[in-house]
Amino acid sequence: MSFIMKKKRFKFQVNFSLEELSSVPFVNGIIFSKVRLLDGGGFSDISTREEVNNHRVKWNTKFCFHCKMSANASTGILDPCMCRVSVRK
């Protein structure tokens, strides 16, 4: 029988800042973004819909959410936790 090591889980509060997107190939249009936590929780939110000005979109939005991350019990190194930001028109 092999010894099974349990992973320790830690809870963090994440302050995510979505500032701007530059080099947008569109001259005009309305763009928003969706922020989604892939691992460690169920957070999903969208930003405001902003207009493209001078090939740039500025949001200056902050998202605050909790994330649970696991760590190896013997080394204490945290496992990766992915967050996806998708930009949509």
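Computed from a prediction, not measured in an experiment: that's the story for all the values here.
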Check your understanding: Can you name the closest pair of heavy atoms from V24 and L21 and give their distance?
Key -> CG2-O, 3.8 Å

Check your understanding: When rounded to the nearest 0.5 angstrom, what is the spacing between CE in M69 and CZ in F10?
Key -> 10.0 Å

Review point. Would you say F12 and L37 are hydrophobically clustered, going by side-chain heavy atoms of ILVMFWY under 4.5 Å?
Key: no

Review point. For E20, what residues pass the salt bridge (Lys or Arg N to Asp or Glu O under 4.0 Å) criterion, not counting sequence neighbours?
Key: R56

Exercise for review: Could you tell me which non-hydrogen atom of R49 sits nearest to which non-hydrogen atom of I30, and how far apart they are?
Suggested key: CB-CG2, 3.6 Å

Check your understanding: Judged by atom type as modelled, is there a donor-acceptor pair below 3.5 Å linking the side chain of S33 to the main-chain atoms of V85?
Key -> no

**Study point:** Smallest separation among heavy atoms of V14 and C67, with atom names
**Key:** CG2-CB, 3.9 Å

Point to revise | Nearest-0.5 Å distance, SG of residue C83 to CG of residue L38 | key: 7.0 Å

Exercise for review: Measure the CG-OG distance between N60 and S47 for me, rounded to the nearest 0.5 Å.
Suggested key: 11.0 Å

Exercise for review: Quick one: pull up OG in S17 and CH2 in W59 and give me the separation to the nearest 0.5 Å.
Suggested key: 12.0 Å

Check your understanding: Say you draw a straight line from NZ of K58 to CD of E51; how long is it, rounded to the nearest 0.5 Å?
Key -> 14.5 Å

Exercise for review: Report the residues that fulfil ring pair (Phe, Tyr, Trp, His ring centres under 6.0 Å) with F43, sequence neighbours left out, ordered by chain and then residue number.
Suggested key: F65

Practice item. For side chain to side chain contact (heavy atoms under 4.5 Å, CB included), just list the numbers for H55 and V27, CA-CA rounded to whole Å, side-chain angles, deciding distance to a tenth of an Å, and then say yes or no. Key: CA-CA 6 Å; H55 297 284; V27 177; 4.2 Å; yes

Practice item. Indicate if F63 and F32 have the same hydrophobic cluster label, given that clusters are the connected sets of ILVMFWY residues with side-chain heavy-atom separations under 4.5 angstrom. Key: no

**Study point:** Gap between atom CG of L18 and atom CD1 of I46 - 0.5 Å precision
**Key:** 12.0 Å

